[in-house]
Amino acid sequence: MPSYTKAEAREWAREKLFGVANVVIPTMTSDFKSLNEKAIRHDVETTINHGFVGTLACSEVAITLDEYDEMVRIMADQSAGRIVIVHHAVFNTLEDNIEAAKRAQDSGADLVLLGYPPYFFPKSMEEVYEYSKAFCDATDLAVMLFPIPTWGFTRLDPLDITVPVLRRLIDECPNVVAIKAENNAPHIMGPIAIHREFHEDVVISYPMEHEYVPLAQLIDVPFCGTNYSAYYGPILPQVFKMIQEGRIEDATNTFFKLEAARKAFTSVPQAGNGLINRMMWKYEGWLQGYNGGPLRHPTARVYQRDMVALRKGQEASGLNPTSDPDEAFFVGRNPA
């Protein structure tokens with residue numbers, strides 16, 4: 001059970017969603033038949049050591065619900081309350097997502113990132129509201145809403161989920177505690193509009209590093225996540241601390257120091273048609289000490305040209321990537 005009631009969820013979120021959260025992607029055993037528990041524990045511990053306050057248990061990979069439930073349990077056990085474990089609600093149907101959330105809650109998840117299935121094709125914003133409301137009503141966990149073009153809702157409205165729909169969900173669902181503002185991407189008008197309208201009600205997350213660092217110098221941004229920032233190792237949590245301490249010049253200098261790594265990141269194929277290349281993310285994290293290792297097929301791939309670009313970008317930014325040869329990534333740091 002969560003450590004809060006629905007009535008207490010927003011107070012809990014104000015305390016816990018303060019910092020940066022990354023993503024843990026499941027690692028399989030070398031025969032691809034089961035989870036590699038030691039590897040998952042390694043990634044959780046590395047996340048904590050890098051200063052992250054939370055992490056997403058990524059479900060958007062080839063994994064069964066039973067395996068995903070086990071992954072959440074392992075992550076929650078390893079974290080022992082030291083970080084927030086975020087459940088990734090992107091299973092096939094509303095019913096599947098409600099079941100998965102209940103199981104994740106029982107296994108120790110603290111928060112839900114609410115996504116939408118590929119075959120959910122609403123004809124109106126009212127249907128988006130109805131799906132979201134039904135999910136929030138069915139779970140006791142705190143929920144982070146997630147407007148983003150990935151869901152295909154841009155055809156209904158440029159904000160992806162409209163202000164009136166978000167307002168209804170916040171007013172009617174006490175366990176809605178945050179909004180991950182990636183709406184209207186690649187522009188920043190959507191996130192700014194979300195912050196202006198809702199920052200006094202719920203936590204607003206700017207998860208994109210290149211948006212968070214400059215915008216947090218101008219407005220209050222308490223949370224940056226969940227995101228790909230394992231690629232930068234411990235740097236983004238350090239930048240968050242700089243901004244909170246008013247060390248704006250240090251944060252700005254660090255932002256520009258990361259430019260080579262940032263350009264390398266954007267130069268390789270991170271996503272296509274709404275599906276992130278999680279194998280690429282695993283390699284990016286592996287460069288900074290995360291486990292790497294097997295990810296079950298079907299998966300997007302990472303090619304040598306991409307690995308070269310990502311490694312050189314980190315080197316140029318002074319991020320000191322691992323000296324291990326790239327072939328070691330495919331085995332992982334804790335093979336099983």
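- When all heavy atoms of Phe240 and Gly19 are compared, the pair lying nearest together is CZ-N, 3.3 Å.
- Salt-bridge annotation for Glu8 and Lys6: absent, with no side-chain N of the basic residue lying under 4.0 Å from a carboxylate O of the acidic one.
- Looking only at atom types and distance, the side chain of Thr27 has no donor-acceptor partner in the side chain of Lys38 under 3.5 Å away.
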Margin query: Working note: Ile40 + Gln78, criterion side-chain contact (heavy atoms from CB on, under 4.5 Å); need CA distance, chi angles, decisive distance, verdict.
Written below: CA-CA 9 Å; Ile40 294 169; Gln78 183 65 31; over 6 Å; no

Note to self: The test is side-chain contact (heavy atoms from CB on, under 4.5 Å); show your working for Leu113 and Leu145 and say whether it passes.
What the structure shows: CA-CA 6 Å; Leu113 178 63; Leu145 302 177; over 6 Å; no

Checklist line | ring-ring contact (aromatic ring centres under 6.0 Å, His included) between His50 and Tyr290, intermediate numbers included | finding: CA-CA 10 Å; His50 280 175; Tyr290 292 83; 5.3 Å; yes

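- Considering every non-hydrogen atom in both Phe198 and Val163, the closest pair reads CZ-O, 3.5 Å.
- By the 4.0 Å N-to-carboxylate-O rule, Glu45 lies too far from Arg41 to be salt-bridged with it.
- Using modelled atom types and a 3.5 Å distance limit, the side chains of Tyr129 and Glu172 yield a donor-acceptor pair.
- Taking the centre of each ring, Tyr206 and Phe223 stay at or above the 6.0 Å mark.
- Rounded to the nearest 0.5 angstrom, Leu111 CG and Gln105 CD are separated by 12.0 Å.
- The aromatic rings of Phe120 and Tyr131 sit tilted relative to each other, their planes meeting at an angle between 30° and 60°.
- Outside the 6.0 Å centre-distance limit, the rings of Tyr231 and Trp281 are not counted as a close aromatic pair.
- Sorted by first and then second residue, the side chain to side chain donor-acceptor pair (under 3.5 Å) pairs involving residues 187-196 (not counting sequence neighbours) form an empty list.
- Taking the charged nitrogens against the carboxylate oxygens, Arg301 and Asp306 have no contact shorter than 4.0 Å, which rules out a salt bridge.
- Between Asp106 and Arg73, no side-chain nitrogen of the basic residue sits less than 4.0 Å from a carboxylate oxygen of the acidic one, so the salt-bridge criterion is not met.
- Aromatic pair Phe146/His88: ring centres not closer than 6.0 Å.
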Check: Do Thr55 and Thr226 pass the side-chain contact (heavy atoms from CB on, under 4.5 Å) test, and can you show the C-alpha distance, the side-chain angles, and the key distance before you say yes or no?
Finding: CA-CA 7 Å; Thr55 190; Thr226 57; over 6 Å; no

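- No donor-acceptor contact under 3.5 angstrom links the side chains of Tyr212 and Ser205, judged on distance only.
- For the pair Met279 and Phe330, the minimum side-chain heavy-atom distance is below 4.5 Å.
- Looking only at atom types and distance, the side chain of Asp157 has no donor-acceptor partner in the side chain of Thr162 under 3.5 Å away.
- The closest side-chain donor-acceptor pair between Asn22 and Tyr232, if any, does not fall under 3.5 angstrom.
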Note to self: Before you tell me yes or no, could you show the steps for Asp201 and Arg167 under salt bridge (charged side-chain N to carboxylate O under 4.0 Å, His left out), namely the whole-Å CA-CA distance, both residues' side-chain angles and the distance that decides it to 0.1 Å?
What the structure shows: CA-CA 10 Å; Asp201 301 293; Arg167 170 54 62 195; 2.9 Å; yes

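- Electrostatic pairing of Arg262 and Glu259 counts as a salt bridge here, judged by a charged N lying under 4.0 Å from a carboxylate O.
- Remark: aromatic rings of Tyr68 and His87 are close, center separation under 6.0 Å.
- In this model, no donor atom of one side chain and acceptor atom of the other lie less than 3.5 Å apart for Asp43 and Asn291.
- Smallest separation of non-hydrogen atoms from Phe135 and Asn97: CE1-O, 3.5 Å.
- Checked against side-chain contact (heavy atoms from CB on, under 4.5 Å), Ala138 has the following partners two or more places apart in sequence or in another chain: Ile98.
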Checklist line | Step-by-step side chain to side chain donor-acceptor pair (under 3.5 Å) determination, Thr322 to Arg333 | finding: CA-CA 11 Å; Thr322 178; Arg333 292 198 157 85; 3.2 Å; yes

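- Partner of Val203 under the side chain to side chain contact (heavy atoms under 4.5 Å, CB included) criterion, chosen from Leu17, Val177, Val221: Leu17.
- Atom CD1 in Ile179 sits 4.0 Å away from atom CD1 in Ile204 (nearest 0.5 Å).
- Rounding to the nearest 0.5 Å gives a distance of 6.0 Å between CD1 of Ile235 and CG of Leu319.
- Checking Thr64 against Asp66 by side-chain atom types alone, no donor-acceptor pair falls below 3.5 Å.
- Ser317 contributes a side-chain N or O that, together with a main-chain N or O of Lys257, makes up a donor-acceptor pair within less than 3.5 Å.
- Using a 4.0 Å cut-off between charged nitrogen and carboxylate oxygen, Lys33 and Glu67 do not count as a salt-bridge pair.
- Closest of all the heavy-atom pairs between Ser59 and Val90 is OG-CG2, 3.2 Å.
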Next item on the list: Take Arg311 and Glu284 through the test salt bridge (charged side-chain N to carboxylate O under 4.0 Å, His left out) and record every step on the way to the result.
Entry: CA-CA 8 Å; Arg311 184 187 286 272; Glu284 290 159 0; over 6 Å; no

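- In plain terms, the two heavy atoms of Val176 and Cys136 that are nearest each other are CG2-SG, 3.8 Å.
- Counting non-hydrogen atoms of neighbouring residues, nucleotides and ligands closer than 6.0 angstrom, the CD atom of Glu245 exceeds 12 such neighbours.
- Gln304 meets the side-chain contact (heavy atoms from CB on, under 4.5 Å) test with Met307, Val308, Asp326; sequence neighbours excluded.
- For the residue pair Leu236 and Ser229, the shortest heavy atom distance occurs at CD2-CB, 3.6 Å.
- Below 30°, between 30° and 60°, or above 60°: for Tyr4 and Trp12 the angle between ring planes is between 30° and 60°, a tilted geometry.
- Surrounding CZ of Phe32 are more than 12 heavy atoms belonging to other residues, nucleotides or ligands, all under 6.0 Å away.
- Residue Met189 holds its CE atom at 8.0 Å from CG of Asn184, rounded to the nearest 0.5 Å.
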